[in-house]
Structures are given as C-alpha cells and as structure tokens.
Amino acid sequence: MAQRHPAVRRKKKKKKGNGAGLVLGLVVLAMIIWLWPRGEAAPSSKTTADTQGETTGETAAPSTEAYIPQALLELEQRNPEAHDFVAHYPGNASWEDIDISGDYTPGEIPHFLQWDERWGYLPYGSSAPEDMIGLSGCGPTALSMVVVGLTGNLEASPAAVARYAAGGGYVTQDSGTDWGLMSQGCRHFGLTAHEVPLWEATMIQELEDSPIICAVGPGDFTEVGHFLVLTGYEDGAFRLQDPNSRENSQRTWTYRELSPQIRGMWAYEGE
C-alpha cells in the first residue's frame with residue numbers, strides 16, 4: 001500500500017494540472033475573440049454591398065438598377081424590338097440637346113419611335129415609372145414626325161412635342177393623348193389640321209399633299225388606343241409609320257385592314 005500511494009497521488013496531480021490548462025486556454029481564446037476588431041472581416045466572395053450589410057448588422061438595400069417596371073417588361077413581351085430600351089432602363093434621356101438631324105431627309109416623313117432611348121424614358125403625364133414617352137407617347141411622337149417632315153423644324157423632337165402636350169393639357173387622365181393635340185395643338189408648331197373622313201378615295205387624295213395621322217383602336221397595333229402616321233399609297237395599299245414598331249412600318253396595309261380600326265384622322269398643311 002505504501003508503495004502504490006505515491007503513484008496514485010502523482011496521477012491525481014497530473015489530471016488536475018490538465019484541467020487548469022484547459023480552463024486557461026479557454027479564457028485566452030475568449031479574450032482573443034472579445035478583442036478582435038469588429039470592423040474587419042475575413043475576405044469573402046460577396047459584393048461590397050453584402051459585406052457592408054454584414055459588418056454593420058443591417059440588411060443591404062436591393063439595387064435600384066435591377067428594377068424594371070412591369071409595364072416595360074410587358075412592352076418587351078408584346079414587341080421584342082424594344083428589348084434594348086427595356087434593358088437599359090432608366091437610361092439617361094434628357095429634354096435638352098436632342099439631335100434628330102440624322103433622321104431628317106427633306107421631302108420625307110421621318111420615322112420616330114416612342115421608345116427611342118433619346119427620349120423614351122422621359123415622363124409623360126406623371127412621374128410614375130410607367131408614365132413615360134416610351135410607353136404612352138405615341139401621340140406626340142406621331143405629331144413630331146409630321147411637324148419635322150413638313151416644316152423641317154429639327155427642334156420639334158418627340159420630347160419637345162410631349163413637353164408641349166403635357167403643358168398644354170393634352171394628356172388624358174390615363175396618360176394617353178387627347179385628340180385635340182392633333183387638331184389644335186399642331187398650330188403651336190406651325191401647322192393647321194382638318195379631319196379626313198373614312199373613305200379610301202379621300203384618304204388617297206389627301207396623301208398626295210400631306211401625311212395623315214390616324215387614331216386607331218384595338219386591333220393590329222394596340223390593345224387600347226394608338227396613333228399612326230399614313231405616309232403614302234401604292235399598289236392598292238397604304239404605307240405608314242408606326243411610332244411603336246419598325247416591323248409594322250416595313251409593310252403596306254390595305255384599306256380593308258385599316259378601316260375597322262381607325263377612329264379618327266387628320267391631314268396637315270403649313271399656316
């Protein structure tokens with residue numbers, strides 16, 4: 001018994017010593033964690049916005065650059081031609097310094113598109129994201145084509161006509177364009193208008209001297225309402241400029257196709 005006792009005592013001491021070391025190690029580790037700089041983080045593959053959200057304890061706000069109004073997405077579904085316009089939203093369109101000289105040829109009616117990135121993102125009717133020239137500015141875009149084509153006024157871009165229409169009370173509550181812009185508002189740009197009856201022979205005769213702006217209802221061009229510019233007649237069909245579509249403007253349309261959709265028409269001449 002006397003020989004075994006020291007060994008037992010040594011074993012107990014060794015066990016006690018290990019426990020103290022473990023406790024001391026835990027204390028040191030806790031102090032390191034407590035003193036570790038709060039503002040630093042280990043490198044990661046996350047974006048700067050994500051990292052900032054973690055280090056501040058706040059959730060990073062979603063990027064507004066990724067937001068595209070539903071109305072624009074629907075525009076692209078209906079008209080794939082507008083893909084780039086939708087993808088580049090909100091763009092950098094400006095009311096000033098819009099150069100349309102490259103679109104103008106004397107004696108011809110230029111083809112402007114309402115969703116052209118030079119003006120399509122500008123507001124029309126209100127500041128709501130869906131109220132922009134690119135979505136609801138077919139009226140001022142159509143009138144701009146006629147004004148520029150007949151007068152050569154390179155200041156009368158779709159943006160300039162849209163600004164005038166909004167200021168003159170020609171924008172309706174649903175952000176469409178009142179027909180008064182075509183019949184009366186045109187005077188601001190040096191033109192007078194008269195209504196054209198829905199007779200094929202009369203339309204052909206008017207087109208010998210003037211383009212015709214048509215207001216159309218649901219059909220081949222719109223689900224609600226739209227404006228087109230008739231520019232000529234050949235081989236038994238009409239040529240037109242659709243402010244919402246290049247494709248529709250590259251073919252001709254018969255009277256039989258157009259007449260059920262037409263709600264009103266105006267021809268123009270200089271004052």
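Keep in mind that the numbers below use all heavy atoms, side chains included, and drop hydrogens, waters and symmetry copies.
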TODO: Look only at the side chain of Ser144 and the backbone of Ala156, and say whether a donor-acceptor pair between them is shorter than 3.5 Å.
DONE: yes

Task: Spacing of Glu96 atom CD and Ser157 atom OG [to the nearest 0.5 Å] - done: 9.5 Å

Task: Check: Gly137 main-chain N/O paired with Thr141 side-chain donor or acceptor under 3.5 Å - done: yes

TODO: Tell me, please, which residues at least two apart from Glu206 pass side chain to side chain contact (heavy atoms under 4.5 Å, CB included).
DONE: His194, Val196, Thr202, Ile212, Ala267

- [ ] Determine whether more than 12 heavy atoms belonging to other residues, nucleotides or ligands lie under 6.0 Å from atom CD of Gln70.
- [x] yes

Open item on the list: What's the separation between atom CD1 in Ile133 and atom CG in Leu122, rounded to the nearest 0.5 Å?
Closed with: 4.5 Å

- [ ] Mind listing the closest non-hydrogen atom pair of Thr222 and Val216 along with its distance?
- [x] CG2-O, 4.0 Å

Open item on the list: For Asp103 and His111, which I'm curious about, is there any donor-acceptor pair between the side chains at under 3.5 Å?
Closed with: no

Open item on the list: Let me confirm one number: the CG-OG distance from Leu113 to Ser249, rounded to the nearest 0.5 Å.
Closed with: 7.0 Å

Open item on the list: I'd like to check Thr231 versus Glu108 (side-chain heavy atoms, cut-off strictly below 4.5 Å). Are they in contact?
Closed with: no

Open item on the list: Test side chain to side chain contact (heavy atoms under 4.5 Å, CB included) on His226 and Asp242; report intermediate values, then the result.
Closed with: CA-CA 9 Å; His226 193 46; Asp242 183 347; 2.7 Å; yes

Open item on the list: For Phe189 and Tyr164, take the angle between the two ring planes, folded into 0 to 90°, and tell me which bin it lands in: parallel under 30, tilted 30 to 60, perpendicular over 60.
Closed with: perpendicular

Open item on the list: If you count heavy atoms of other groups shown closer than 6.0 angstrom to CG of Asp84, is the number above 12?
Closed with: yes

- [ ] Decide whether Leu207 and Leu258 are clustered together by the hydrophobic rule: side chain heavy atoms of Ile, Leu, Val, Met, Phe, Trp, Tyr closer than 4.5 Å, transitively.
- [x] yes

- [ ] Might you point out which heavy atoms bring Leu73 and Val86 nearest each other, and give the distance in Å?
- [x] CD2-CG1, 4.3 Å

Open item on the list: Quick test of your reading of the model: are Arg263 and Glu195 salt-bridged, counting only N-O distances below 4.0 Å?
Closed with: no

Open item on the list: Tell me which one of Phe85, Trp95, Trp115 satisfies ring pair (Phe, Tyr, Trp, His ring centres under 6.0 Å) with Tyr121.
Closed with: Phe85

Open item on the list: Quick check: do Val229 and Val146 have side-chain heavy atoms less than 4.5 Å from each other?
Closed with: yes

Task: Nearest-0.5 Å distance, CZ of residue Arg118 to CG of residue Asp97 - done: 13.0 Å

TODO: List the steps and the verdict of side chain to side chain contact (heavy atoms under 4.5 Å, CB included) for Met132 and Tyr124.
DONE: CA-CA 5 Å; Met132 63 181 75; Tyr124 184 61; 5.7 Å; no

TODO: Would you mind reporting whether Met265 and Leu198 have side-chain heavy atoms less than 4.5 Å apart?
DONE: yes

Open item on the list: When you group the ILVMFWY residues by side-chain heavy-atom contacts below 4.5 Å and let the links chain together, are Trp179 and Leu228 in the same group?
Closed with: no

TODO: Return yes if some donor-acceptor pair links the side-chain N/O of Glu81 with the main-chain N/O of Arg246 below 3.5 Å, else return no.
DONE: yes

Task: Which atom of Leu75 lies closest to which atom of Gly134, heavy atoms considered - done: CD2-O, 4.3 Å

- [ ] Mind checking side chain to side chain contact (heavy atoms under 4.5 Å, CB included) for His83 and listing every partner two or more places apart, or none if nothing turns up?
- [x] Glu76, Ala87

Task: Pairwise side-chain contact, Asp116 with Pro158, heavy-atom cut-off 4.5 Å (strictly under) - done: no

Task: Residues, nucleotides or ligands: over 12 heavy atoms within 6.0 Å of Glu257 CD - done: yes

Open item on the list: Using the side-chain hydrogen bond (donor to acceptor under 3.5 Å, both in side chains) criterion, which residues pair with Asp99? Sequence neighbours excluded.
Closed with: Ser101

Task: Candidates Tyr104, Phe227, Trp119 - the one meeting ring pair (Phe, Tyr, Trp, His ring centres under 6.0 Å) with Phe112 - done: Trp119

Open item on the list: Less than 4.5 Å apart, side chain to side chain, heavy atoms only: is that true for Pro243 and Cys138?
Closed with: yes

- [ ] For the pair Tyr67 and Tyr89, name the ring-plane relationship: parallel under 30°, tilted 30 to 60°, perpendicular over 60°.
- [x] perpendicular

- [ ] Decide whether Ile213 and Met145 are clustered together by the hydrophobic rule: side chain heavy atoms of Ile, Leu, Val, Met, Phe, Trp, Tyr closer than 4.5 Å, transitively.
- [x] yes

Open item on the list: Does Arg251, at its CZ atom, have more than 12 non-hydrogen atoms belonging to other residues, nucleotides or ligands within less than 6.0 Å?
Closed with: yes

Open item on the list: Starting from Leu143, can I reach Leu240 by hopping between I/L/V/M/F/W/Y residues whose side chains sit under 4.5 Å apart?
Closed with: no

Task: Close side-chain approach of Pro140 and Thr177, heavy atoms under 4.5 Å - done: yes

- [ ] Please check if Val161 and Met182 belong to a single hydrophobic cluster, counting links between Ile, Leu, Val, Met, Phe, Trp and Tyr side chain heavy atoms closer than 4.5 Å.
- [x] yes

Task: Sub-4.5 Å side-chain heavy-atom contact between Thr252 and Asp235 - done: no

Open item on the list: With side chain to side chain contact (heavy atoms under 4.5 Å, CB included) as the criterion, how do Tyr268 and Thr151 come out once you've worked through the C-alpha distance, each side chain's angles and the decisive distance to 0.1 Å?
Closed with: CA-CA 11 Å; Tyr268 298 86; Thr151 70; over 6 Å; no

Open item on the list: Ignoring hydrogens, what is the shortest heavy-atom contact between Pro211 and Leu150? Give both atom names and the distance.
Closed with: CD-CD2, 3.7 Å

Task: Inter-residue atom distance Glu117.CD - Asn92.CG, 0.5 Å rounding - done: 8.0 Å

- [ ] Answer yes if the side chains of Glu200 and Tyr233 hold a donor-acceptor pair under 3.5 Å, and no otherwise.
- [x] yes

Task: Note, Arg239 side chain near Glu234 side chain (heavy atom, < 4.5 Å) - done: yes

TODO: Walk me through it: do Asp220 and Asn248 pass the test side chain to side chain contact (heavy atoms under 4.5 Å, CB included)?
DONE: CA-CA 9 Å; Asp220 294 308; Asn248 288 343; over 6 Å; no

TODO: To the nearest 0.5 angstrom, please state how far the CH2 atom of Trp199 sits from the CD1 atom of Ile204.
DONE: 14.0 Å

